Amino acid sequence: MLAESLVFPPINELLRWQDIFPSFNKIALIACLASLLGIGLFLLASRADPKLAPTGPRNLAEQAIEFVEEGIVMQTLGKDGLKWTPFLLSLFIFIFLCNIPGILPFFQMPATARIAIPLTLSLLVWVIYIFVGLKHQGAAYFGHLLWPPGVPVALKPLVGAIEFISTIIVTPFSLTVRLMANMLAGHILLVTFALLTHSLVSAETNQFLFIPASILPFFMLVFLTAFEILVAFLQAYIFAILAAVYISNSVAGHGDEH
């Protein structure tokens, strides 16, 4: 019956996968493959002859490095921040490779749609920018957060509390949720239109009506699949550039009070 075929699966079935072996499921597999592909790309690029015009893996690797340097590092950290290129490049490549399986057959799930990977990466960025703040400013890093310079004395306790909560608590939470929620929403949309298309095509009754009607959700599915490629790229870029901004803020501090 059509009514039965249109039943949407429980949300748990969209987000959980059977273990391939104990404690290792499809999400873990995607994360491992993303790491191996990223490492493999740059290993292959490093073996290419630097005297020849870059092609294949080397060309792709150089394009990725140039994009991160010009589009992320120079825009946030400046020339002195080029030493952060390897870290930010690794973040960008890994997140993108974890995002893109959401449109690939067999995988059909972005690893970043589960909270574990976004949360781990956010906590890593959190630890790094706090460490950088302490390295460059010492104890004044937390002092400037709690008692921000350049703010009227009467407002310092309120602004300091907001700044502290924002930097220490809200920032890693927002990084996590932004990445996970966007990838999860895209995954659910793809599943929804795929199920709708399949249900209309496989309906046992009124096929002369339902099969033509399946064209609309099918084209929507194709459009969303293409759109998810853009989203996968943008979410990797946004995460990396926000990480660079937080590191830049920790390096620069809040300025001196006059």
Side-chain angles (χ1 to χ4, degrees), residues 27-46 57 60-104 107 109-136 167-184 186-187 228-252:
I27 301 300
L29 175 62
I30 292 171
C32 290
L33 290 176
S35 300
L36 292 174
L37 285 172
I39 293 170
L41 170 65
F42 287 94
L43 283 178
L44 289 174
S46 68
L60 183 59
E62 288 188 3
Q63 291 292 331
I65 294 170
E66 183 178 355
F67 171 76
V68 171
E69 285 184 345
E70 298 298 327
I72 297 177
V73 177
M74 293 301 294
Q75 301 299 321
T76 55
L77 292 157
K79 189 174 181 180
D80 293 337
L82 288 175
K83 60 186 178 182
W84 288 101
T85 298
F87 171 66
L88 296 172
L89 177 65
S90 300
L91 266 184
F92 174 77
I93 295 292
F94 177 72
I95 294 173
F96 176 74
L97 291 176
C98 283
N99 289 347
I100 207 65
I103 63 168
L104 299 180
F107 294 108
M109 175 75 180
T112 45
R114 296 291 300 274
I115 197 170
I117 291 176
L119 179 60
T120 300
L121 295 176
S122 298
L123 290 177
L124 174 62
V125 171
W126 181 76
V127 169
I128 288 175
Y129 75 69
I130 289 179
F131 173 79
V132 169
L134 292 173
K135 178 181 178 181
H136 286 265
T167 302
I168 304 302
I169 299 175
V170 175
T171 293
F173 177 77
S174 65
L175 266 180
T176 301
V177 172
R178 181 184 291 106
L179 176 58
M180 184 196 73
N182 278 283
M183 298 313 301
L184 177 58
H187 173 62
E228 279 302 298
I229 299 174
L230 176 62
V231 171
F233 173 83
L234 285 177
Q235 289 305 312
Y237 172 74
I238 290 170
F239 194 100
I241 200 169
L242 286 176
V245 168
Y246 298 144
I247 293 170
S248 176
N249 290 341
S250 294
V251 172

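Because the structure is predicted, anything quoted here is derived from the model rather than measured.
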Can you tell me how far the CG atom of L77 sits from the CG atom of N249, to the nearest 0.5 Å? 9.5 Å
Distance, nearest 0.5 Å, that separates CD1 of I39 from CZ of F94: 10.0 Å
As an exercise, state the distance from OG1 of T112 to CG of L121, rounded to the nearest 0.5 Å. 9.0 Å
Taking atom CZ of F239 and atom OG of S122, what is their separation to the nearest 0.5 Å? 4.0 Å
Taking the side chain as C-beta and beyond, is there a heavy-atom pair between V125 and I247 under 4.5 Å? no
Hey, what's the ring geometry for F96 with F233, parallel, tilted or perpendicular (30° and 60° as the breaks)? perpendicular
For F67, does the CZ atom have more than 12 heavy-atom neighbours from other residues, nucleotides or ligands under 6.0 Å away? yes
Is there a side-chain contact between Y246 and I128 (heavy atoms, below 4.5 Å)? no
Please answer whether the main-chain N or O of I168 pairs with a side-chain N or O of T171 as donor and acceptor at a distance below 3.5 Å. no
Any idea which heavy atoms bring Y129 and S250 closest together, and the distance? O-OG, 2.7 Å
Please lay out, stage by stage, how I65 and F42 fare under the test side chain to side chain contact (heavy atoms under 4.5 Å, CB included). CA-CA 10 Å; I65 294 170; F42 287 94; 4.0 Å; yes
Identify the heavy atoms of R178 and Q235 that sit nearest to each other, and give their distance. O-OE1, 3.6 Å
For E228 and M183, run side chain to side chain contact (heavy atoms under 4.5 Å, CB included): C-alpha distance rounded to whole Å, both residues' side-chain angles, the deciding distance at 0.1 Å, then the answer. CA-CA 8 Å; E228 279 302 298; M183 298 313 301; 4.1 Å; yes
Give the minimum heavy-atom separation between I30 and M109, together with the two atoms involved. CD1-O, 3.1 Å
Search all heavy atoms of I117 against all heavy atoms of C98 and return the closest pair with its distance. CD1-SG, 4.4 Å
Tell me, do V231 and N99 make a side-chain contact under 4.5 Å, heavy atoms counted? no
Provide the closest heavy-atom pair for L97 versus G38 in the form atom of the first, atom of the second, distance. CD1-N, 3.7 Å
Which atom pairs, one a donor and one an acceptor, fall under 3.5 Å between side chains of residues 78-91 and the rest of the protein, sequence neighbours left out?
from	atom 1	to	atom 2	distance (Å)
T85	OG1	L82	O	2.8
S90	OG	P86	O	2.7

Taking side-chain hydrogen bond (donor to acceptor under 3.5 Å, both in side chains) as the definition, give me every residue that meets it alongside E62, ordered by chain and number, with sequence neighbours left out. R58
Atom of Y237, atom of G71 and distance for their closest heavy-atom approach: OH-O, 3.2 Å
